[in-house]
Amino acid sequence: MEWALLAIMMPALVAGIIVFSTHLVLGRQVLKRGIVFMDLAIAQVAAMGAIVAHILTMTQAHRHVPHDGSAGLGALMPFAFSIGGAGLIAWLAKYSEKELEAIIGCIYVVSAASITLLMSSDPQGAEHISRALNGHILWLGWQDMVVPGLASLAFLAVTIMRPEILDGRLFYPLFALMVTLSVKMVGVYLVFSALIMPALAVNQLSGKKALAFGYMAGLTGMILGLVLSSLYDFPGGATVVVSLTAVCVLFRVLSRR
């Protein structure tokens with residue numbers, strides 16, 4: 001393989017390792033709680049926050065508004081949206097448990113439709129929507145991984161020292177934080193796949209064995225997708241999602257034996 005391809009793949013591979021390092025733990029907790037579509041909804045809400053921040057930035061640029069700190073607020077908007085969405089789901093979980101999954105699906109649909117409406121008048125709206133959904137994993141730079149990497153290390157340290165924190169109310173804001181950081185790197189589709197597919201692949205296993213095989217399935221699918229995408233010029237995020245699906249199905253079949 002040419003060095004140019006390796007130079008492209010290395011940041012993408014590190015980004016995948018960062019995402020999978022936390023999302024397998026979160027995904028297993030999501031399956032345990034029975035709120036599978038929560039990750040998709042929160043990822044979509046975070047993407048909506050990013051779109052709103054983009055619109056505010058463009059509006060300021062068109063009006064020639066001087067920098068007054070609002071750009072920094074716009075950068076935090078995806079986190080505000082996702083934490084707000086997670087807080088809403090946490091509140092609903094207490095009062096509408098039987099209908100929670102259906103309500104979460106509604107949150108996802110409304111967020112997706114809102115993004116379409118917000119970008120309807122933007123000439124580059126389709127490109128921004130595609131980027132929010134599919135990500136740009138093959139075009140990441142090392143600087144894009146500093147904050148997500150540090151946050152992932154902190155998350156893993158906290159969950160190792162206090163694993164019971166995932167069973168409490170802090171699960172929702174932690175979930176929103178990690179999903180938002182991941183969406184900015186790899187997009188909505190790959191975030192959902194990273195959360196659910198490896199967790200499903202090893203759902204019949206338990207303990208350290210489940211984590212070991214889950215990480216193995218996730219990273220194998222990620223590497224395969226990146227190699228295929230680089231060699232055949234396929235879209236990075238979509239290729240990784242498809243390859244991850246194939247690998248996780250294989251792991252699921254083998255885990256039964």
Side-chain heavy-atom pair [X], [Y] within 4.5 angstrom cut-off:
| X | Y | answer |
| --- | --- | --- |
| Met185 | Ile18 | yes |
| Ile115 | Gln44 | yes |
| Met119 | Ile55 | yes |
| Asp144 | Lys184 | no |

Would you list the atom pairs, donor with acceptor, under 3.5 Å between side chains in residues 148-158 and any protein atom, with sequence neighbours excluded?
residue: Ser152; atom: OG; partner: Pro148; partner atom: O; Å: 2.8

Scan the side chains in residues 82-93 for donor-acceptor partners under 3.5 Å anywhere in the protein, sequence neighbours excluded, and list what turns up.
residue: Ser82; atom: OG; partner: Pro78; partner atom: O; Å: 3.1
residue: Ser82; atom: OG; partner: Phe79; partner atom: O; Å: 3.1
residue: Ser82; atom: OG; partner: Thr180; partner atom: OG1; Å: 2.5

Atom [atom1] of [X] and atom [atom2] of [Y]: how far apart are they, to the nearest 0.5 Å?
| X | Y | atom1 | atom2 | answer |
| --- | --- | --- | --- | --- |
| Leu26 | Leu166 | CG | CG | 7.0 Å |
| Asp233 | Leu138 | CG | CG | 9.0 Å |
| Ile42 | Ser111 | CD1 | OG | 8.5 Å |
| Ile104 | Ile35 | CD1 | CD1 | 5.5 Å |
| Ile196 | Asn203 | CD1 | CG | 9.5 Å |
| Leu13 | Ile137 | CG | CD1 | 8.5 Å |

Qualifying ring pair (Phe, Tyr, Trp, His ring centres under 6.0 Å) pairs with a residue from [range], counting only residues at least two apart or across chains:
| range | result |
| --- | --- |
| residues 175-211 | Phe171-Phe175 |
| residues 202-241 | Tyr232-Phe234 |
| residues 19-40 | none |

Closest heavy-atom pair and its distance - [X], [Y]:
| X | Y | answer |
| --- | --- | --- |
| Met145 | Pro11 | CE-O, 2.9 Å |
| Leu244 | Ala194 | CD2-N, 4.2 Å |
| Gly214 | Val202 | N-CG1, 3.5 Å |
| Ser230 | Met9 | OG-CG, 3.3 Å |
| Leu224 | Val247 | CD2-CG2, 4.2 Å |
| Leu24 | Ala210 | CD2-O, 4.5 Å |

Under the side-chain hydrogen bond (donor to acceptor under 3.5 Å, both in side chains) rule, what pairs show up with a residue in residues 27-42, not counting sequence neighbours?
Gln29-Asp167, Lys32-Asp167, Arg33-Tyr172

Report yes or no: do [X] and [Y] belong to one cluster of Ile/Leu/Val/Met/Phe/Trp/Tyr joined by side chain heavy-atom distances under 4.5 Å?
| X | Y | answer |
| --- | --- | --- |
| Val147 | Val191 | yes |
| Met178 | Leu170 | yes |
| Val242 | Leu219 | no |
| Val241 | Leu231 | yes |
| Val36 | Leu190 | yes |

Please evaluate residues Val179 and Leu195 with respect to the criterion side chain to side chain contact (heavy atoms under 4.5 Å, CB included), reporting the C-alpha separation (whole Å), side-chain torsions for both, the decisive distance (0.1 Å), and the verdict.
CA-CA 9 Å; Val179 165; Leu195 279 162; 4.0 Å; yes

Would you check if the side chain of [X] reaches a backbone N or O of [Y] as a donor-acceptor pair within less than 3.5 Å?
| X | Y | result |
| --- | --- | --- |
| Thr220 | Ala217 | no |
| Ser229 | Leu226 | no |
| Ser243 | Gly221 | yes |

Before you tell me yes or no, could you show the steps for Leu200 and Cys248 under side chain to side chain contact (heavy atoms under 4.5 Å, CB included), namely the whole-Å CA-CA distance, both residues' side-chain angles and the distance that decides it to 0.1 Å?
CA-CA 8 Å; Leu200 275 177; Cys248 287; over 6 Å; no

